[in-house]
Novice: 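Following this message is one structure expressed as structure tokens.
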Amino acid sequence: MRKFIREKYRDVEESIYAIDYSSIYDDFINFGVGDPDLRTDEAIIKEAYDSQMAGHTHYADPQGYIKFRESIAKLYEEDFGVKCDPKGILITMSGTEAMFLILQAILNKGDEVIVPSPYFSVYPDQIEMAGGKTVFYDTKFENDFEIIPSELEKLINKNTKAIIINTPNNPTGAVYKDECLKEIYELAVKHDILVICDDIYTIYSYESKFSPMIKYDKNFERVISISSMSKDFVMTGWRLGAIVAHEDLIRAVNAIHTNTVYAVPTICQYAGVIGIENRKKICPALYEEYKERMYLAYERLKKLKYVEVMKPKGTFYIFPKINVPGMTTKEVVKEILEKAHVNLIDGKAFGDAGEGFIRIAVTVNKDKINEAFDRIENLDIFKK
């Protein structure tokens, strides 16, 4: 069989998320996966059931159920001041599929895409799958992982097609300031390139309200916005996302979408409408809960020897710098897993700029957060 597999994928390693450590350790605590532990709101689940019992069990419009697209357009206008037509929205199987479709639609062989690093791990592979080349812009811990537009501009050349911006950011938790986003938009106009905004942690911005870059692009000629229900509505398993963009691009990505999944499951889209209509009831409680958890984890990390940590600004990820004498980050992560039964992710999984860091997904309750750090503090490696 191996000989039939495309060479690039013959020796693919097992996913870092594939092992079920809960079957190995009875007291396992997982800081590894960015999957919120809280259940989807009951009103959303009920609508999924009711819609199916009402007979909505057939194919949806490949571009997306019109009422769902209208609800997303209404959200962008009411929450962000961005007016968009439902014709300029495509419903996707998650934000990940949205990014894949966009890159497939815009990249020609050899086109370059600038990606701030550390980055969400799927970006480089998706760029390569579309025939493009990834150019990394390394952000720095000392600068709170922020982007400096004048430095970013030095990477733009005649082959640059787009820049990917993810704020609030996975894995660093950084939130880029409005001035920074405006400057990046101005760079896109100046150099005739696109900006793809992975806007999926919009409610988890702790020091300032999230404001999307697409608000600067009145005609949607430069900026593409990806949204998702996964994190803002704790609906990761529903795989429900959207692209907001110029209608020309929507037609192109819809052609690819139709030839891959055809349409997003109807059950998810009906549920999504209820989620968005009830967002002012659902989302504030999620914001408060994860903010409290993030600040708790931050306080515990500050007390830990050999660790430096940035104050949480967004998402539910913390990305501390760790430097245990005589040990690599990989060895530290392994020691914590095997002796404290707490799972963390080596920052190298998010690019070379993640070397020497760990990503902590604060997606367990406060009691478990404290228990996990109690165990970690008691390890011999932190008592040297």
Novice: Does one hydrophobic cluster hold both V175 and V195, with members joined at side-chain heavy-atom distances below 4.5 Å?
Specialist: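 In one cluster: no.
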Novice: If you measure from CD1 on I224 to CD1 on I164, what distance do you get to the nearest 0.5 Å?
Specialist: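 The CD1 atom of I224 sits 10.0 Å away from the CD1 atom of I164.
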Novice: Side chains of N170 and R359: is there a donor and an acceptor less than 3.5 Å apart?
Specialist: yes
Novice: Compute the ring centroids of Y25 and H341, then answer whether they are less than 6.0 Å apart.
Specialist: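 Yes: the rings meet the under 6.0 Å criterion.
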Novice: Should K177 and E146 count as an ion pair when the cut-off is N to O under 4.0 Å?
Specialist: yes
Novice: Salt bridge or not for D61 and R69, using N-O below 4.0 Å?
Specialist: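 Salt bridge flag = yes for R69 with D61.
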Novice: Treating Y298 as the side-chain partner and I318 as the backbone partner, does any N or O pair qualify as donor plus acceptor under 3.5 Å?
Specialist: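 No, the answer is negative, given that no donor and acceptor are paired below the 3.5 Å cut-off.
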Novice: Between K334 and E338, does any side-chain N to carboxylate O distance fall below 4.0 Å?
Specialist: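 Counted as a salt bridge, because a side-chain N and a carboxylate O are separated by less than 4.0 Å.
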Novice: Ring centroids only, cut at 6.0 angstrom: are F120 and F350 within range, meaning strictly under it?
Specialist: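 Between F120 and F350, the centre distance exceeds or equals 6.0 Å.
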Novice: Would a single hydrophobic cluster contain both I267 and L240, if residues Ile, Leu, Val, Met, Phe, Trp and Tyr are joined by side-chain heavy-atom contacts under 4.5 Å?
Specialist: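 Looking at the clustering, I267 is in a separate group from L240.
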Novice: Strictly distance-based, threshold 3.5 Å: is any side-chain N or O of R293 a donor or acceptor partner for the main-chain N or O of Y290?
Specialist: no
Novice: When the ring centroid of Y287 is compared with that of Y204, is the distance short of 6.0 Å?
Specialist: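 Ring centroids of Y287 and Y204 are no less than 6.0 Å from each other.
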Novice: Is a salt bridge present between K366 and E371, judged by a nitrogen-to-oxygen distance below 4.0 Å?
Specialist: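 Salt bridge flag = no for E371 with K366.
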Novice: Is a side-chain donor or acceptor of K368 paired with a backbone partner of I29 at a separation under 3.5 angstrom?
Specialist: no
Novice: Indicate yes or no: does R300 engage E377 in a salt bridge with an N to O separation below 4.0 Å.
Specialist: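 Yes, charged N to carboxylate O under 4.0 Å.
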Novice: Do we see a donor-acceptor contact under 3.5 Å between the side chains of D199 and S225?
Specialist: yes
Novice: Can you sort out the partners of K182 under salt bridge (Lys or Arg N to Asp or Glu O under 4.0 Å), two or more places apart, ordered by chain and number?
Specialist: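 Salt bridge (Lys or Arg N to Asp or Glu O under 4.0 Å) list for K182, sorted by chain: empty.
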Novice: Could you check whether any side-chain N or O of T266 sits under 3.5 Å from a backbone N or O of H58, counting only pairs where one atom can act as donor and the other as acceptor?
Specialist: yes
Novice: Got more than 12 heavy atoms from elsewhere within 6.0 Å of CG, D352?
Specialist: no
Novice: Looking only at side-chain N and O atoms, does S211 offer a donor or acceptor that is under 3.5 Å from a partner on K215?
Specialist: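 Yes, a side-chain donor-acceptor pair sits under 3.5 Å.
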Novice: Would you say K305 has more than 12 foreign heavy atoms packed within less than 6.0 Å of its NZ?
Specialist: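 Yes, enclosed.
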Novice: Does the pair K209/D178 count as a salt bridge with the N-to-O cut at 4.0 Å?
Specialist: no
Novice: Give a yes or no on whether E42 atom CD has more than 12 heavy-atom contacts from other residues, nucleotides or ligands under 6.0 Å away.
Specialist: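 Atom CD in E42 is not packed in, count stays at 12 or less.
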Novice: For E70, enumerate each residue passing the salt bridge (Lys or Arg N to Asp or Glu O under 4.0 Å) test, keeping only those at least two apart in sequence or located in another chain.
Specialist: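 In terms of salt bridge (Lys or Arg N to Asp or Glu O under 4.0 Å), with neighbours along the sequence ignored, E70 is linked to no residue.
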Novice: Starting from M53, walk the hydrophobic network (Ile, Leu, Val, Met, Phe, Trp, Tyr; side-chain heavy atoms closer than 4.5 Å) and list everyone else you reach, by chain and number.
Specialist: Y49
Novice: So that I can tick it off, tell me whether E308 and K302 are bridged by a salt bridge, with the cut-off set at under 4.0 angstrom between side-chain N and carboxylate O.
Specialist: no
Novice: Would you call the rings of Y216 and Y185 parallel, tilted or perpendicular if under 30° counts as parallel and over 60° as perpendicular?
Specialist: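 Rings of Y216 and Y185: parallel, as their planes differ by under 30°.
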Novice: Using modelled atom types only, decide if a donor and an acceptor are shared between the side chain of N278 and the backbone of I274 within a distance under 3.5 Å.
Specialist: yes
Novice: Establish, yes or no, whether a centroid distance under 6.0 Å links the rings of F316 and Y201.
Specialist: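 Between F316 and Y201, the centre distance is under 6.0 Å.
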Novice: Can N169 and Y317 be counted as having a side-chain donor-acceptor contact under 3.5 angstrom?
Specialist: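 There is no such pair between these side chains.
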Novice: Are side-chain N/O atoms of T236 and D35 paired as donor and acceptor at under 3.5 Å?
Specialist: yes
Novice: Tell me whether T167 contacts the main-chain N or O of Y176 through its side chain, where contact means a donor paired with an acceptor under 3.5 Å.
Specialist: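 Side chain of T167 to backbone of Y176: a pair is present.
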Novice: Just by distance, do the side chain of D217 and the backbone of E221 share a donor-acceptor pair under 3.5 Å?
Specialist: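 Yes.
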Novice: Charged N to carboxylate O below 4.0 Å: is that the case for D144 and K313?
Specialist: yes
Novice: Would T202 and D232 count as having a side-chain donor-acceptor pair, cut-off 3.5 Å?
Specialist: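 The answer is yes; a qualifying pair exists.
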Novice: Indicate, with yes or no, if the rings of F80 and F210 have centres closer together than 6.0 Å.
Specialist: yes
Novice: Has the side chain of H246 got a donor or acceptor atom that lies under 3.5 Å from a matching backbone atom of D248?
Specialist: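 Checked: pair present.
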Novice: Are Y119 and F136 near enough that their ring centres are under 6.0 Å apart?
Specialist: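 Y119 vs F136: aromatic centres under 6.0 Å.
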Novice: Is the Lys NZ or Arg CZ of R6 less than 6.0 Å from the centre of Y9's six-membered ring, within 45° of the axis?
Specialist: no
Novice: Considering only NZ, NE, NH1 and NH2 on the basic side and carboxylate oxygens on the acidic side, decide whether K321 and E142 come within less than 4.0 Å.
Specialist: yes
Novice: Can a salt bridge be assigned to the pair E247 and K87 using a cut-off of 4.0 Å between side-chain N and carboxylate O?
Specialist: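 Answer for the salt bridge query: no.
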Novice: I'd like to know whether CG of N157 has more than 12 heavy-atom contacts from other residues, nucleotides or ligands below 6.0 angstrom.
Specialist: yes
Novice: Just checking, is any N or O donor in the side chain of W238 or T40 under 3.5 Å from an acceptor N or O on the other one?
Specialist: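 Yes.
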Novice: F145 and F357: aromatic ring centres closer than 6.0 Å?
Specialist: yes
Novice: Do Q269 and H56 pair up side chain to side chain, a donor and an acceptor below 3.5 Å, judged on atom types alone?
Specialist: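 There is no such pair (donor and acceptor under 3.5 Å, judged by atom type) between the side chains of Q269 and H56.
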Novice: Just by distance, no angles: are the side chains of H257 and Q63 close enough, under 3.5 Å, to form a donor-acceptor pair?
Specialist: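 Absent: no donor and acceptor within the cut-off.
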Novice: For D41, is there an ion pair with K46 - N to carboxylate O distance below 4.0 angstrom?
Specialist: no
